[in-house]
Asker: 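Before I ask anything, let me first share the structure, which is written out below as structure tokens.
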Amino acid sequence: QVQLVESGGGLVQAGGSLRLSCAASGRTFSNYNMAWFRQAPGKEREFVTSISTLTTAYTDSVKGRFTISRDNAKNTVYLQMNSLKPEDTAVYYCAAARFFYGSNSERYNYWGQGTQVTVSS
């Protein structure tokens with residue numbers, strides 16, 4: 001089992017920045033591929049970004065604005081979000097997968113409870 005706890009969400013004006021954190025416990029964090037997804041009201045959950053030990057991936061709408069990183073010593077993955085837009089408003093979820101890397105949410109085994117990000121115009 002892997003437990004994931006997100007933090008760092010909040011209310012920010014358009015153009016501002018936030019950094020989300022996802023603290024993991026329960027298993028060897030470095031063995032897991034990590035990802036961030038988000039879900040806006042009335043919409044399906046969508047892939048935002050992922051990180052393995054070697055590479056990262058981003059959905060087109062956040063490229064150049066968001067950066068995912070991980071600190072294996074702290075069992076934490078981060079999402080630095082810059083130049084935020086109102087359309088980034090959503091609940092952001094951290095996810096972990098032992099044997100999958102990619103954008104398919106169904107392949108991630110563990111999920112956090114989510115943290116709300118609201119961007120005002």
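For reference, positions follow the sequence shown, starting with 1.
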Asker: Can you tell me how far the OH atom of Y92 sits from the OG1 atom of T115, to the nearest 0.5 Å?
Answerer: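 These two atoms lie 10.5 Å from each other.
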
Asker: Quick one: OH on Y32 to CG on N72, what's the gap to the nearest 0.5 Å?
Answerer: 13.0 Å

Asker: Got more than 12 heavy atoms from elsewhere within 6.0 Å of CD, Q13?
Answerer: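 No.
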
Asker: Minimum heavy-atom separation for L4 and A96, please, with both atom names.
Answerer: CD1-N, 3.8 Å

Asker: Over all heavy atoms of both residues, which pair between V48 and V62 is shortest? Give the atoms and the distance, please.
Answerer: O-CG2, 3.8 Å

Asker: Where the side chain of Y58 meets the backbone of I68, is there a donor-acceptor pair that is under 3.5 Å apart?
Answerer: yes

Asker: Kindly state whether the ring of F100 and the ring of Y108 have centres lying under 6.0 angstrom apart.
Answerer: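 Here the rings of Y108 and F100 have centres that are less than 6.0 Å from each other.
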
Asker: Under a 3.5 Å distance rule, please check whether T28 uses its side chain to pair with a backbone N or O of N31 as donor and acceptor.
Answerer: no

Asker: Does one hydrophobic cluster hold both L79 and Y101, with members joined at side-chain heavy-atom distances below 4.5 Å?
Answerer: no

Asker: Just jot down the salt bridge (Lys or Arg N to Asp or Glu O under 4.0 Å) partners of K63, sequence neighbours excluded, or say none.
Answerer: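 Once residues adjacent in sequence are excluded, the partners of K63 under the salt bridge (Lys or Arg N to Asp or Glu O under 4.0 Å) criterion are D60.
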
Asker: Go through it in stages, so that I can follow the logic: the residues are N33 and S52, the test is side-chain hydrogen bond (donor to acceptor under 3.5 Å, both in side chains), and I'd like the CA-CA distance, side-chain angles, deciding distance and then a yes or no.
Answerer: CA-CA 5 Å; N33 299 314; S52 68; 4.5 Å; no

Asker: I need the F66 CZ to N82 CG distance, nearest 0.5 Å.
Answerer: 8.5 Å

Asker: Are I51 and W36 joined in one hydrophobic group, where the rule is that I, L, V, M, F, W and Y side chains link up if heavy atoms are under 4.5 Å apart?
Answerer: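 Same cluster.
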
Asker: Measuring from L84:CG to L18:CG, what's the distance to the nearest 0.5 Å?
Answerer: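 L84 atom CG to L18 atom CG measures 5.5 Å (nearest 0.5 Å).
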
Asker: Given the rule in the side-chain contact (heavy atoms from CB on, under 4.5 Å) test, do E87 and V119 qualify, once you have shown the distances and angles that lead to the verdict?
Answerer: CA-CA 8 Å; E87 51 263 44; V119 184; over 6 Å; no

Asker: Checking side-chain contact (heavy atoms from CB on, under 4.5 Å) for the pair Y78/L20: CA distance, chi angles, key distance, verdict?
Answerer: CA-CA 6 Å; Y78 303 98; L20 306 183; over 6 Å; no

Asker: So, for A90 and A40, which heavy atoms are closest and what is the spacing to 0.1 Å?
Answerer: CB-N, 3.8 Å

Asker: For residues Q116 and T89, report the shortest heavy-atom separation together with the two atoms involved.
Answerer: NE2-CG2, 4.0 Å

Asker: Please name the pair of heavy atoms, one in V77 and one in C94, separated by the smallest distance, quoted to 0.1 Å.
Answerer: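 Reported closest heavy-atom pair: CG1-SG, 3.8 Å.
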
Asker: Yes or no on side-chain contact (heavy atoms from CB on, under 4.5 Å) for M81 and D88, after CA distance, side-chain angles and deciding distance?
Answerer: CA-CA 9 Å; M81 305 186 295; D88 295 318; over 6 Å; no

Asker: May I have the step-by-step check of side-chain contact (heavy atoms from CB on, under 4.5 Å) for S25 and V2, ending in yes or no?
Answerer: CA-CA 6 Å; S25 61; V2 175; over 6 Å; no

Asker: Could you report the tightest heavy-atom contact between S61 and R38, atom names first, then the distance?
Answerer: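 Scanning both residues, the minimum pair turns out to be OG-NH2, 3.4 Å.
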
Asker: With distance as the sole criterion, is a donor-acceptor pair present between the side chains of T76 and D71 under 3.5 Å?
Answerer: no

Asker: Determine yes or no for a side-chain-to-main-chain donor-acceptor pair under 3.5 angstrom, with E6 supplying the side chain and C22 the backbone.
Answerer: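 Checking the backbone N and O of C22 against the side chain of E6, no donor-acceptor pair under 3.5 Å is found.
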
Asker: Between W111 and F37, does the ring centroid distance fall short of 6.0 Å?
Answerer: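 Ring-ring flag for W111/F37: true, centres closer than 6.0 Å.
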
Asker: Has R70 got a side-chain atom pairing as donor or acceptor with F29's backbone, closer than 3.5 angstrom?
Answerer: yes

Asker: Should Q1 and Y110 count as side-chain neighbours, where that means a heavy-atom distance under 4.5 Å?
Answerer: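 Heavy-atom side-chain distance check passes, below 4.5 Å.
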
Asker: Any side-chain heavy-atom pair from S105 and F47 closer than 4.5 angstrom?
Answerer: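 No, their side chains stay 4.5 Å or more apart.
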
Asker: Do the side chain of S83 and the main chain of R65 share a donor and acceptor less than 3.5 angstrom apart?
Answerer: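 A pair under 3.5 Å: no.
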
